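Inspection log for the structure reproduced underneath, given as structure tokens.
Source: prediction; values computed, not measured.
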Amino acid sequence: MDRSGTTIDRADVIGMWVTSDGFIRQELRADGRYDEARGTRTSAYTGSYAVTGNHLDYVDDTGFTATGDIRDGVLYHEHLVLYREATSHE
């Protein structure tokens, strides 16, 4: 990922993103879909996303839209701040 936060592609956003308290978990998938869990509620929100520069546009399966931006490895999604979840190979 470009640490300046100006240019990323979908490959740079794929994976699990979580809030610092772990309550919200947003999986960004390689097929352009996302699945967001909130607490014990799995798949609370699902839909598609597109990446342009460091900006993400979300469209929920119900038609609701949202946006996000990745800056310095942090995903700012509307009022949420999410961090990439480390995997065992990182």
Side-chain angles (χ1 to χ4, degrees):
M1 177 181 301
D2 178 357
R3 290 295 179 196
S4 70
T6 57
T7 305
I8 59 173
D9 62 32
R10 184 172 288 167
D12 293 323
V13 303
I14 294 168
M16 186 66 71
W17 295 81
V18 299
T19 53
S20 60
D21 62 4
F23 184 76
I24 298 173
R25 302 175 56 79
Q26 187 179 93
E27 180 185 12
L28 299 177
R29 299 178 180 163
D31 63 359
R33 300 277 304 161
Y34 73 89
D35 190 315
E36 183 174 301
R38 292 188 173 228
T40 59
R41 185 175 167 207
T42 59
S43 299
Y45 299 98
T46 59
S48 61
Y49 72 96
V51 179
T52 306
N54 71 325
H55 183 79
L56 285 79
D57 288 298
Y58 296 82
V59 179
D60 186 87
D61 289 338
T62 65
F64 177 81
T65 61
T67 61
D69 292 290
I70 295 180
R71 295 187 304 274
D72 296 323
V74 178
L75 172 56
Y76 298 90
H77 173 63
E78 299 296 335
H79 65 282
L80 302 173
V81 178
L82 299 109
Y83 303 91
R84 184 182 289 279
E85 184 175 70
T87 60
S88 59
H89 66 274
E90 289 184 320

Answer with yes or no whether the hydrophobic clustering places V59 together with L80; edges join I, L, V, M, F, W, Y residues whose side-chain heavy atoms lie under 4.5 Å apart. no

Can you list the residues that meet the side chain to side chain contact (heavy atoms under 4.5 Å, CB included) rule with [X], with sequence neighbours excluded?
{"X": "T42", "answer": "none"}
{"X": "A44", "answer": "R38, R41"}
{"X": "S20", "answer": "Y83"}

Within a strict 4.5 Å, meaning less than it, do heavy atoms of the [X] and [Y] side chains meet?
{"X": "D12", "Y": "V51", "result": "no"}
{"X": "R25", "Y": "W17", "result": "no"}
{"X": "L75", "Y": "I70", "result": "yes"}

Residues forming a side-chain hydrogen bond (donor to acceptor under 3.5 Å, both in side chains) with D31, sequence neighbours excluded: none

T62: partners by side-chain hydrogen bond (donor to acceptor under 3.5 Å, both in side chains), with sequence neighbours left out: D60

Looking at [X] and [Y], what are the two nearest heavy atoms and their distance?
{"X": "R84", "Y": "I14", "result": "NH1-O, 2.7 Å"}
{"X": "L82", "Y": "T19", "result": "CD2-N, 4.0 Å"}
{"X": "A66", "Y": "F64", "result": "CB-CE2, 4.1 Å"}

Using the test salt bridge (Lys or Arg N to Asp or Glu O under 4.0 Å), find all partners of R29 that sit at least two apart in sequence or belong to another chain. E27, D35

According to salt bridge (Lys or Arg N to Asp or Glu O under 4.0 Å), who are the partners of D69, at least two apart in sequence or on a separate chain?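 D69: no salt bridge (Lys or Arg N to Asp or Glu O under 4.0 Å) contacts found.
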
Inspect the contact between R33 and D61 and indicate whether a charged nitrogen and a carboxylate oxygen are less than 4.0 angstrom apart.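 Here D61 pairs with R33 in a salt bridge, since their nearest N and O are under 4.0 Å apart.
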
With sequence neighbours left out, the residues meeting ring-ring contact (aromatic ring centres under 6.0 Å, His included) with Y58 are Y34, H77

Who else is in the cluster with V18 when I, L, V, M, F, W and Y are joined by side-chain contacts under 4.5 Å? M16

Output, in order, the C-alpha distance, side-chain angles, deciding distance and verdict of side-chain contact (heavy atoms from CB on, under 4.5 Å) for N54 and R71. CA-CA 7 Å; N54 71 325; R71 295 187 304 274; 3.9 Å; yes

Establish, from distance only, whether the side-chain atoms of T67 and E78 form a donor-acceptor pair under 3.5 Å.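 The criterion, which ignores hydrogens and geometry beyond distance, is satisfied for E78 and T67.
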
